[in-house]
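Written out below as structure tokens is the structure these notes cover.
Quick caveat, the model's predicted, so the values are computed rather than measured.
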Amino acid sequence: MLPGVDQTSEGNVPSSPWMNPPVHRERGGAARPGLTWCARVGPLLLVAALALLVMAEPAFAQVPAGRDYGDFPIIGGRAAVWIAAQVHLLFAAFVLGVPMFAVVTEAIGMFGGDDRYDKLSKEFTRLLLVAYSATAIWGGILLFLLITIYPTLFSYLAQIFNLSMWIYVGLFFFESFTLYLYYYGWDRWKKGRAKWFHWGLGIALNVWGTIVMFIANGWLTYMMSPPAEVTVDTAPQMVNLWMALTNATWMPINIHRLIANVVFGGAVVGAYAAYRFLAAKSDEERAHYDWMGYVGNMIAIGALIILPFAGYWLGREIYEFNQQMGITMMGGFMSWLWIIQAFLIGVLFLAGNYYLWVGMGRIPGAERFMPYTKYMLAVLIVGVIVWATPNTMIASREEFAAMGGTHHPFLSVLGLMSGKNTAVNFMILTTFLSFLLYRRANKEPVVPWARTGTIVQGAIFIVASAIVLFYGIYGYMVPTLVRIGFSVYQVLTVLACIIGVITIDMLMLRGATSRGEIQWGRMPARSQYALFILAVTFTWLMGLMGFARSGIRQHWHVFEVIRDTSPWAATPALGYSSVVISACVLIFFGLVAFIFWLGSLAEKPVISSVGQAAAPGGMQSELQPAPSEG
């Protein structure tokens with residue numbers, strides 16, 4: 001819903017049933033076939049809205065001429081839909097991401113016999129109940145806004161995707177009631193075979209949520225990359241549903257959002273743990289929420305490391321679908337958006353690494369690695385500087401004269417993708433090294449080949465860094481099309497390094513002795529603010545990337561199929577967009593803070609025995625004070 005270009009040409013746009021001018025369609029690439037939400041009232045609202053949509057479909061086909069667009073008071077129709085869509089997607093990302101690692105932590109507790117992880121998984125799931133309701137409510141708001149503000153466009157989409165919408169509603173019910181069974185049956189199905197059934201419910205919850213996301217992604221990616229055979233003259237009844245869903249950018253968006261949801265869920269869980277840590281009244285509470293924040297941060301940073309690779313794939317598919325769209329995204333009016341993105345991602349990497357480095361202070365044996373953190377910090381800072389350097393400077397006439405043109409004689413080199421890809425891959429390798437040192441801090445390998453294994457790991461890091469640097473430098477010596485392909489080699493090299501090093505590390509630390517117990521809860525307050533920064537920054541980044549994805553359609557609702565002729569068709573400037581995105585972030589975190597507070601009223605916190613000697617029989621009930629032991 002963020003179309004745009006200048007409005008000066010819109011007066012010559014002839015009317016048609018689908019608001020289309022007669023245009024000649026060109027596509028840059030070959031055509032390819034081509035939650036969520038419940039806690040009592042929320043699902044009823046969404047289902048009622050979808051039912052209204054289905055029953056009203058014949059009426060949509062009879063929308064009178066001149067009623068292509070509605071409006072919204074004060075902020076306008078586009079801004080209203082934008083805010084509702086973004087807040088809905090933020091809650092949806094949370095309720096899709098959290099169940100993924102809730103199931104994983106439950107499995108760790110099942111197979112490892114550690115009851116702490118089972119309790120942690122339940123507390124993760126408890127956060128979902130109100131969040132599901134909020135997701136459904138905002139989904140209902142979005143649906144009604146679309147129907148009233150974009151009636152003709154929504155009629156077109158409903159006629160293409162009506163079957164998938166019915167399936168979506170059915171899966172919504174499955175997902176909602178699976179969540180109820182999963183959470184409220186936790187204690188009943190806690191032992192023996194019943195625990196396997198309960199874990200299966202968690203897996204089913206993830207399956208339903210993932211399918212729901214895939215369906216919705218088909219709707220939005222169709223607007224960005226419709227199949228090539230769909231033209232301005234194609235009636236919606238003639239569009240093949242499967243081809244419309246599985247369009248060129250559908251699977252890249254699926255993978256990118258799947259990973260991003262894990263990062264986002266981990267970041268929000270980490271922020272929740274930080275909030276509870278700072279409000280804790282006892283050492284036991286601080287220890288538990290310190291551990292919970294650590295787990296959330298590990299999930300977020302681990303997924304963040306591989307997220308740029310999914311972004312590369314999505315960007316490549318956009319270029320293949322339509323080269324002009326790709327140029328608009330990276331080199332046109334949106335080019336400075338990526339400078340903002342670079343700073344935000346730089347903040348994510350710096351905050352994540354800072355939390356790990358501060359966390360080493362509570363780990364016996366970590367002091368031997370602390371001298372290396374200043375060098376890793378230097379690599380991260382240089383990487384952020386390179387990544388955030390633009391190719392074309394914003395400068396005064398006098399500054400342009402001094403530079404000899406719009407490109408700086410030295411810094412413009414860093415603005416090319418060869419330099420930026422190299423920088424981000426070095427940042428990923430550095431973050432992975434921080435994680436590796438944190439993981440090994442209080443462990444002493446006992447395998448006879450430990451020294452050899454460490455040398456091999458170091459060699460893998462050196463070789464990977466050399467390959468990334470080689471392709472980064474060589475990229476300046478080849479044509480642009482060849483240079484773009486080098487990013488694939490860099491990505492594969494870094495992935496191979498991560499997989500190889502972590503495999504060796506897991507084998508090498510089998511049976512390792514401990515240098516001392518981790519002192520959970522002994523973290524300075526400033527470390528918790530790093531978790532807040534991670535959550536807020538990633539939320540803002542998600543809003544920014546949503547604007548980028550939607551904005552590259554420019555003046556099209558459906559790219560080169562349905563043109564936007566609304567009064568607000570111009571793509572908004574970055575300043576205005578930043579204000580809207582910030583408003584969405586404030587609304588989301590205001591509601592999340594209310595959810596956190598509401599959760600603290602409903603039940604007492606789960607107190608894990610981290611940092612203490614575990615009592616026989618595991619942890620105490622989360623709803624009762626711990627009895628005295630002794």
Near-ring test [Y]/[X], centroid separation under 6.0 angstrom:
{"X": "Y168", "Y": "F161", "answer": "no"}
{"X": "F349", "Y": "W387", "answer": "no"}
{"X": "Y489", "Y": "Y474", "answer": "no"}

[X] to [Y] - nearest heavy-atom pair and separation:
{"X": "A271", "Y": "F532", "result": "O-CE2, 3.4 Å"}
{"X": "F321", "Y": "A248", "result": "CD1-CB, 3.9 Å"}
{"X": "W357", "Y": "M370", "result": "O-CE, 3.8 Å"}
{"X": "S121", "Y": "V103", "result": "OG-N, 4.4 Å"}
{"X": "L436", "Y": "F461", "result": "CD2-CE1, 4.0 Å"}
{"X": "P99", "Y": "N206", "result": "O-ND2, 3.1 Å"}

Tell me, do [X] and [Y] make a side-chain contact under 4.5 Å, heavy atoms counted?
{"X": "V269", "Y": "V295", "answer": "no"}
{"X": "M298", "Y": "L356", "answer": "yes"}
{"X": "Q86", "Y": "L90", "answer": "yes"}
{"X": "F309", "Y": "N425", "answer": "yes"}
{"X": "M223", "Y": "R549", "answer": "no"}
{"X": "I552", "Y": "F559", "answer": "no"}
{"X": "T454", "Y": "R440", "answer": "yes"}
{"X": "M427", "Y": "V386", "answer": "no"}

Run the side-chain hydrogen bond (donor to acceptor under 3.5 Å, both in side chains) test against R316 and tell me which residues pass, sequence neighbours left out.
none
Partners meeting side-chain hydrogen bond (donor to acceptor under 3.5 Å, both in side chains) with N254 (sequence neighbours left out):
N217
Could you give me the CA-CA distance, side-chain angles and deciding distance for T231 and T234, then say whether side-chain hydrogen bond (donor to acceptor under 3.5 Å, both in side chains) is met?
CA-CA 5 Å; T231 68; T234 304; 3.2 Å; yes
Chi angles and distances behind the side chain to side chain contact (heavy atoms under 4.5 Å, CB included) call for I428, I498:
CA-CA 10 Å; I428 291 171; I498 292 173; 4.3 Å; yes
Steps toward side chain to side chain contact (heavy atoms under 4.5 Å, CB included) verdict (N421, Y312)
CA-CA 10 Å; N421 287 338; Y312 288 153; 3.4 Å; yes
How long is the straight-line distance from [atom2] of [Y] back to [atom1] of [X], given to the nearest 0.5 Å?
{"X": "R563", "Y": "E560", "atom1": "CZ", "atom2": "CD", "value": "11.0 Å"}
{"X": "H557", "Y": "L157", "atom1": "NE2", "atom2": "CG", "value": "9.5 Å"}
{"X": "L544", "Y": "I581", "atom1": "CG", "atom2": "CD1", "value": "5.0 Å"}
{"X": "L314", "Y": "I253", "atom1": "CG", "atom2": "CD1", "value": "4.5 Å"}
{"X": "L429", "Y": "S434", "atom1": "CG", "atom2": "OG", "value": "11.0 Å"}
{"X": "N240", "Y": "I160", "atom1": "CG", "atom2": "CD1", "value": "10.5 Å"}

Would the distance check show the side chain of [X] and the main-chain N or O of [Y] forming a donor-acceptor pair, the cut-off being under 3.5 Å?
{"X": "S550", "Y": "F547", "value": "no"}
{"X": "R368", "Y": "A441", "value": "yes"}
{"X": "N247", "Y": "A244", "value": "yes"}
{"X": "H256", "Y": "A310", "value": "no"}
{"X": "W250", "Y": "F214", "value": "yes"}
{"X": "Y476", "Y": "G419", "value": "yes"}

Do S577 and W82 pair up side chain to side chain, a donor and an acceptor below 3.5 Å, judged on atom types alone?
no
Does a donor on one side chain sit under 3.5 Å from an acceptor on the other, for W313 and E317?
yes
Go through the steps to decide whether M545 and L337 satisfy the test side chain to side chain contact (heavy atoms under 4.5 Å, CB included), and finish with yes or no.
CA-CA 9 Å; M545 292 298 96; L337 177 147; 3.6 Å; yes
So W540 and I340, side chain to side chain contact (heavy atoms under 4.5 Å, CB included) or not? Walk me through it.
CA-CA 11 Å; W540 211 97; I340 300 174; 4.1 Å; yes
Side chain to side chain contact (heavy atoms under 4.5 Å, CB included) test vs F486 passes for just one of T422, V478, V468, namely V478
Please work out which of the three classes, parallel, tilted or perpendicular, describes the rings of Y438 and Y294, given edges at 30° and 60°.
parallel
